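Predicted, not measured: the structure shown is a model, and the values here were computed from it. Whatever order the structure lists them in is the order used to number ligands and atoms, beginning at 1.
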Amino acid sequence: MEAVDAGVAVAADAGRVTLPQYTDDAGTGSNAGPSTIAFDAGPADAGKESDAGAPVTGFDAGPPDVDAGRESDAGAPAIAFDAGPPEVDAGRESDAGAPVIAFDAGRSDVDAGFTLDAGPVDAGAGAALSVHTALGLPDTSAVGAVDRWLLVKPQFVVSYDTIRKTPRWVSWRLDTSWLGTATRASSFRRDAQLPTTAGQARDEDFRNSGFERGHLCPSADRTNTDPDNDATFVFTNVVPQTRASNGGTWATLEDEARDQVRLGKTVFLVAGPVFGVTSQFVGAGVPVPTATFKVAVVVDSPAASVTTSTRVIGVLVPNTTSVSGNWRAFRVSVRSLEQATGFDFLADVPRAVQDVVETRVDAEP
Ligand code: MN
């Protein structure tokens, strides 16, 4: 896993990250004015220099005074994230016909050493971790890594950014065993799998924000038991999402995956936010994604191999108040999503197969 190791090592060197100024988007009214906040990633950075995939423990989220500084009674603090290295930015045009969105691939200190789609770097690592990541891990998330904290749950797997306070990706397998008649849970809660010192969004961040608490792993994908449904109602599985996306276009995509399962298929899914170069925020500094992405791999059975003829769907839905219509209009190649996010989807699938299924855009009716 040399390529991804390098990314972690780079992150470990960046003890102090100066975040550039944030220019408030017109109309958000949430920002008292631009400022620059420097985060100290804490003295335990050196601990991240472990083998990728290995749990990294004992990481200090940073001194309390820094955490305290993220709260703002004026609304959202002014935080912007580095747009990443120019060579990454240059490749962010979407496929023709797809929505064109300016992407922020993430913090440059984290991404600088990441070699895009170098896989399979460690075939089998995803499957060894969870059935939900059987096709591979999108990146080198690890327990204790503050900007990519790995949360392995019975119901799904998350990489959570405790600084941004949003998930980076959520990965889950969907088959009939997960579908039933459980009662939809009624409230979100803090994810107790993260230590209380780790940043996490809260209900009050979303209240009166104009944005919904949008599930990544949908509630309706976990209806086999009440506890499994309840497990989706954690803030590590939530991004700020517009009503138009969450209840509209994005919902049609969630329905499609369940429709495929009812036809006898198994679907491997990865979903997450994509951030713009500048962001608006809800509450105490939770950035609003510019778009949400989803990768859906449709196979005949849980153990089926991905081949060049496997249906692989990539979708990018703008997180706007005006987005509308069926998900099919928002299909893009998975490769374009890799360029937008810096992740390697299907990392444990042979590279030659990835090169075929990730570079075509699903066109099934
Ligand atoms: Mn890939």
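At a threshold of 4.0 Å, the pair D161-R148 does not count as salt-bridged, since none of the basic side-chain nitrogens sits closer than that to a carboxylate oxygen. A salt bridge links D362 with R311: at least one charged nitrogen is closer than 4.0 Å to a carboxylate oxygen.
Within D344, the N/O/S atom positioned nearest the Mn ion (ligand 1) carries the name OD1.
For the Mn ion (ligand 1), the set of nearby N, O or S atoms under 2.8 Å includes none belonging to V334.
Geometry at the Mn ion (ligand 1): OE2/E338 and OE2/E358 form an angle of 90°, nearest 10 degrees.
The shortest distance between side-chain heavy atoms of F345 and E338 falls below 4.5 Å.
F188 belongs to a hydrophobic cluster with F206, F233, F235, V238, counting contacts under 4.5 Å between side-chain heavy atoms of Ile, Leu, Val, Met, Phe, Trp and Tyr, direct or through other members.
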